[in-house]
Number of protein chains: 2
Amino acid sequence: MTNEQTILIVDDEAAIRDMIGIALDTAGYSSMTAETALEAHVNIVDRRPDLVLLDWMLPGGSGIELARRLKREELTADIPIIMLTAKTSEDNKVQGLDVGVDDYVTKPFSPRELVARIKAVLRRSTGNLRDKPIRVFDLELDPASHRVTLNERAVDMGPTEYRLLNFFMTHPEKVFSRDHIQDQVWGANVYLEERTVDVHIGRLRKALTSASGPGINYAGLIQTVRGAGYRFSTRAD
Amino acid sequence: MTNEQTILIVDDEAAIRDMIGIALDTAGYSSMTAETALEAHVNIVDRRPDLVLLDWMLPGGSGIELARRLKREELTADIPIIMLTAKTSEDNKVQGLDVGVDDYVTKPFSPRELVARIKAVLRRSTGNLRDKPIRVFDLELDPASHRVTLNERAVDMGPTEYRLLNFFMTHPEKVFSRDHIQDQVWGANVYLEERTVDVHIGRLRKALTSASGPGINYAGLIQTVRGAGYRFSTRAD
DNA sequence: CTAAAATGTCATGAAAATGTAATATTTCAT
DNA sequence: ATGAAATATTACATTTTCATGACATTTTAG
């Protein structure tokens, strides 16, 4: 399964991390862990997990801090967060949800419950936002099937080109610098040569070109903006 | 680049300060240094650097102290901090870093990695505040898409002409000398022949002319003020 | 384990952009 | 009107930025 989703577990207790890790593994998710808010933040920015399980009671009360921060920054705002807490107090819930946290699980919890919540949150966020196919003229990208079609015919491209196209189609009519594209498509702090982005842009264009019929060439949707970056646009260059 | 960003290096070892300073210089940043937490704090408040590189191992363990303080005080809370740590996470110590630091780099690090992380953090903190489109009659400049349109049709121009027009449209009805225009569009500390501005004004006018329809010529918005400079104005010359 | 696919880097050539100097044109005081 | 000063325009050499094919390496699928 190429489409395995990754979940970051943030908790300072090793026992809890392990327990959750096993539960997730059983449920078919891959997981990574962090002990501190800082470590978590770096991991999130670098690796872009599909969901974050965040302990409310991190040393220094930094759990909420982190949540707030993640939701504030554009790069990470769309990554769903589930808070884990020992307390059941209403205050906490209100405060946590106020920050923009997607759900809330109180310790102790059963692995089954946790997985159910995760599924629900993932369905909700991937479901609503990302699951609907995006269509531009006859070009359609369907996240559910992870497939790109042009005039109902499949367009052949590599995973990176898919992510690139997905990013572009969800952010149309805006320029992005190569750096920004790297952040979004590869994850921040992945050291690539600047030109690498160009190469993948080229591959994506090529894929679109060879899938385009004799009419318009869909590669034209991906426009080079000299000195600034690239842009996905339906309007003439 | 119009505004060069300044980075404060806080480390008690001169060798490290120098090494980092050179790396930053090469990458196009200007830098300043501080040896102690106190000196650093004064510098930060006075000069407001765009980012702080902070050694965790400052004498007296005051590095974390400083970070915590900076993030607590409103005046400095939005200045990004990257921590430099000697070794990989020893739990209790690293927990001290959970104070809102933006990233950390473990020594020894490659200049390349450091610069990449700096870029990423700066992009995260400063980026994404995009301006709204500016419109004058049927001429529109949209910073988000980095595009100039006239009657909905794209106007073709080079990067410099774009910056020039952007400057003019954000500062209408005012005369600017060639010197001033150079500072704003090319950046200070760039020396050009005076006439170079004229040439680019010419190119911008030409771009606007060939995009203007048979009606009014939008090049007329850029007016020559003999003996003084140029002005962008919607009123007749 | 092997073959195919994907990935990232580099080298090269093409295209666009840039700054300067030379030349042409306009403006204004006289 | 006339000449000097200021500005506009053109041409061109140089620099910067991009596109693309080739290649070595890594990852994935079977």
Side-chain angles (χ1 to χ4, degrees), chain A residues 1-4 6 30 146-148 154-166 175-179 181-183 185-187 189-210 217 219-231 237, chain B residues 1-2 28 112-113 116 146 148 154-166 175-183 185-187 189-210 217 219-231 237:
Chain A
M1 190 64 159
T2 21
N3 207 7
E4 188 168 74
T6 302
S30 73
H146 208 268
R147 193 172 271 160
V148 178
V155 183
D156 186 45
M157 65 180 73
T160 305
E161 283 72 45
Y162 175 86
R163 271 178 287 139
L164 195 51
L165 181 61
N166 182 59
V175 224
F176 296 98
S177 68
R178 290 170 175 74
D179 279 343
I181 292 172
Q182 277 190 25
D183 280 359
V185 175
W186 278 264
N189 298 320
V190 174
Y191 316 126
L192 297 174
E193 291 297 316
E194 282 268 300
R195 295 284 138 231
T196 299
V197 174
D198 298 39
V199 172
H200 283 277
I201 292 273
R203 284 168 183 160
L204 176 53
R205 282 174 173 158
K206 195 160 149 193
L208 291 174
T209 299
S210 55
N217 183 353
L221 296 175
I222 294 157
Q223 303 171 351
T224 303
V225 184
R226 281 226 157 213
Y230 295 96
R231 169 178 61 204
D237 202 356
Chain B
M1 223 23 103
T2 315
R112 188 184 190 196
E113 179 185 357
H146 203 274
V148 178
V155 183
D156 187 46
M157 64 180 74
T160 305
E161 285 71 46
Y162 177 87
R163 272 177 286 138
L164 195 52
L165 181 61
N166 183 55
V175 209
F176 296 99
S177 69
R178 290 171 174 73
D179 275 343
H180 198 285
I181 292 172
Q182 276 191 24
D183 284 353
V185 175
W186 277 263
N189 69 27
V190 176
Y191 174 76
L192 295 174
E193 291 296 320
E194 280 270 302
R195 295 286 130 225
T196 300
V197 175
D198 297 38
V199 172
H200 283 277
I201 291 275
R203 283 170 182 159
L204 176 54
R205 282 173 172 158
K206 192 160 148 195
L208 291 174
T209 300
S210 56
N217 183 352
L221 297 175
I222 294 158
Q223 303 170 352
T224 303
V225 183
R226 204 181 160 79
Y230 296 96
R231 170 180 58 204
D237 202 357

Take atom [atom1] of [X] and atom [atom2] of [N], then tell me their distance rounded to the nearest Å.
X: B:I201; N: D:dT10; atom1: CD1; atom2: C1'; value: 17 Å
X: B:M157; N: C:dA17; atom1: CE; atom2: P; value: 11 Å
X: B:R163; N: C:dA17; atom1: CZ; atom2: C1'; value: 11 Å
X: A:L204; N: C:dG8; atom1: CG; atom2: C1'; value: 17 Å

Does B:D198 or B:K206 map to a spot on DNA chain D nearer the 5' end, using the closest nucleotide for each?
->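 The residue whose closest nucleotide sits nearer the 5' end is B:D198.
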Do you see a donor-acceptor pair shorter than 3.5 Å between the side chains of B:Y230 and B:R178?
->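 There is such a pair between these side chains.
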Calculate, to the nearest 0.5 Å, the distance between atoms CG and CD belonging to B:D179 and B:E194 respectively.
->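 So the CG of B:D179 and the CD of B:E194 are separated by 5.0 Å.
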Please tell me if the side chains of B:H200 and B:T196 come closer than 4.5 Å, counting only heavy atoms from C-beta onward.
->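 Yes, their side chains come closer than 4.5 Å.
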Using a cut-off of 4.0 Å between protein heavy atoms and nucleotide atoms, how would you tag nucleotides 19-28 of chain C 5' to 3' with B, S and -?
-> BBB-----BS
Examine D:dT7: is either OP1 or OP2 under 4.0 Å from a nitrogen or oxygen in the side chain of B:R178? Give yes or no.
->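 The answer is yes; a side-chain N or O of B:R178 sits under 4.0 Å from OP1 or OP2.
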How would you label the contact of A:Y162 with the nucleic acid (heavy atoms, under 4.0 Å): base, sugar-phosphate, or nothing?
->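 Result for A:Y162 = nothing.
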Just jot down the side chain to side chain contact (heavy atoms under 4.5 Å, CB included) partners of B:E113, sequence neighbours excluded, or say none.
->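 Listed in chain order: A:Y191, B:V105, B:F109, B:S110, B:R117.
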Backbone of A:I222 reached by a side-chain donor or acceptor of A:R205 within 3.5 Å |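 Yes, because the side chain of A:R205 sits within donor-acceptor range (under 3.5 Å) of the backbone of A:I222.
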What residues, two or more places apart in sequence or in another chain, satisfy side chain to side chain donor-acceptor pair (under 3.5 Å) together with B:S210?
->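 Partners of B:S210 by the side chain to side chain donor-acceptor pair (under 3.5 Å) criterion come out as none, since no residue qualifies.
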